[in-house]
Amino acid sequence: MDHQTKQDFFEYLLRLGDDRLVLGHRVSEWCGHGPILEEDIALSNIALDLIGQANLLLQLAGQGEGKGRDQDALAYFREAVDFRNALLCETPNGDFGDTIVRQFLFSTQALFVLEQLQRCQHTELAGIAAKAFKETRYHVRHSGEWIIKLGDGTEESHRRVQRALDHAWRYTAELFVGDEVEQRLAAQGLAVDPASVRDAWSAQVRDVANTATLTVPADGFMARGGRVGKHTEHLGHLLAEMQIVARSHPGAKW
């Protein structure tokens, strides 16, 4: 790779890895607080999948950067402005409906990206994508089934999951904004332009929403900025909790 491509690839891996690291931490907050024991375990497993994917992606990013930073350094010793996750991933858990809707919207987009990324010209990234694709397929199915149960359930569950969908919708456009970094890499077979999966994502989301008797919100104000380090206040609080042990004992081995 030339210098520009290395820089682009590092940035792209941060976006993929940070999405999963931040969302994985968010979902892990449900551990011990799930609505039923089986769902407590399911959410914990989804969190582990996401953090495992982040570990591989950030490890690859650190190797490509060549500055001696491994996945732990990238996870625990960067400030909020250096994170490249989509804003959707850092939103608070809210109630169970909020968490499930957020998971479904993100994982459905991720599934279509990972499907294409398995054919990436970078062998290691293609391998990570293949593993993550299998896990993400379960995340989509699990969260989608819950949306249908809640949406087509009681009056209260319908109201709550519709409210969750209305709230989360403003963060979805950022998932499909492909900038020059992704476009340059996609032209070389090293990335997926997220704009290319929007139609497939929209079709699947609308199919599940229709089955759940939910109304897909109209596009209005769309929040963005996470890809360039402009985050909500929620990320700072999340990182303070996530990074405190590593920063309190730098260099410690466990």
Under 3.5 Å, which donor-acceptor pairs link side chains of residues 198-205 to any protein atom two or more places apart or in another chain?
residue: W201; atom: NE1; partner: L105; partner atom: O; Å: 3.0
residue: S202; atom: OG; partner: R206; partner atom: NE; Å: 3.4

Considering only distance and modelled atom types, tabulate donor-acceptor pairs under 3.5 Å from the side chains of residues 41-58, sequence neighbours left out.
residue: S44; atom: OG; partner: D40; partner atom: O; Å: 2.9
residue: N45; atom: ND2; partner: I41; partner atom: O; Å: 3.4
residue: D49; atom: OD2; partner: H139; partner atom: NE2; Å: 2.9
residue: Q53; atom: OE1; partner: R20; partner atom: NE; Å: 3.0
residue: Q53; atom: NE2; partner: E135; partner atom: OE1; Å: 2.8
residue: N55; atom: OD1; partner: Q71; partner atom: NE2; Å: 3.2

Can you list, pair by pair, the side-chain donor-acceptor contacts under 3.5 Å of residues 232-240, counting residues two or more places apart and other chains?
residue: T232; atom: OG1; partner: E90; partner atom: OE2; Å: 2.7
residue: T232; atom: OG1; partner: H234; partner atom: N; Å: 3.3

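More than 12 heavy atoms of other residues, nucleotides or ligands shown are found within 6.0 angstrom of CZ on F176.
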Start with the C-alpha gap between L60 and I128, add the side-chain angles, then the distance that decides, and say whether side-chain contact (heavy atoms from CB on, under 4.5 Å) holds. CA-CA 10 Å; L60 189 59; I128 295 171; 4.1 Å; yes
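In this structure, the salt bridge (Lys or Arg N to Asp or Glu O under 4.0 Å) partners of D179, at least two apart in sequence or on a different chain, are R15. For the side chain to side chain contact (heavy atoms under 4.5 Å, CB included) test, residues two or more places apart in sequence or in another chain that qualify with A130 are Q118. Annotation: side chain to side chain donor-acceptor pair (under 3.5 Å) contacts of E39 (sequence neighbours excluded): H142, W146. For E145, the side chain to side chain contact (heavy atoms under 4.5 Å, CB included) partners two or more places apart in sequence, or in a different chain, are R141. Listed by chain and number, the residues in a salt bridge (Lys or Arg N to Asp or Glu O under 4.0 Å) with R160 are D95, E156 (sequence neighbours excluded). In terms of the salt bridge (Lys or Arg N to Asp or Glu O under 4.0 Å) criterion, residue partners of R184 (sequence neighbours excluded) are, by chain and number, D8, E180. For T5, the side chain to side chain contact (heavy atoms under 4.5 Å, CB included) partners at least two apart in sequence or on another chain are M1, D2, L185, Q188, L190. Listed by chain and number, the residues in a side chain to side chain contact (heavy atoms under 4.5 Å, CB included) with R69 are F10, E65, A73, L74, R78 (sequence neighbours excluded).
Every pair passing side-chain hydrogen bond (donor to acceptor under 3.5 Å, both in side chains) that includes a residue from residues 216-229 is listed here, sequence neighbours excluded: D19-R227, W169-D219.
A salt bridge links E79 with R247: the distance from a Lys NZ or Arg NE/NH1/NH2 to an Asp or Glu carboxylate oxygen falls below 4.0 Å.
Of the possible polar contacts, one joining the R26 side chain to the T91 backbone as a donor-acceptor pair under 3.5 Å is found. Between the side chain of Q243 and the main chain of A75, a donor-acceptor pair closer than 3.5 Å is present. A donor-acceptor pair is defined here as one N or O able to donate and one able to accept, closer than 3.5 Å; such a pair exists between the side chain of Q109 and the backbone of L175. Checked by atom type and distance alone, the side chain of E174 pairs as donor or acceptor with a backbone atom of L87 at under 3.5 Å. Side-chain atoms of T213 come within 3.5 Å of backbone atoms of G151 as a donor-acceptor pair (strictly under, hydrogens ignored).
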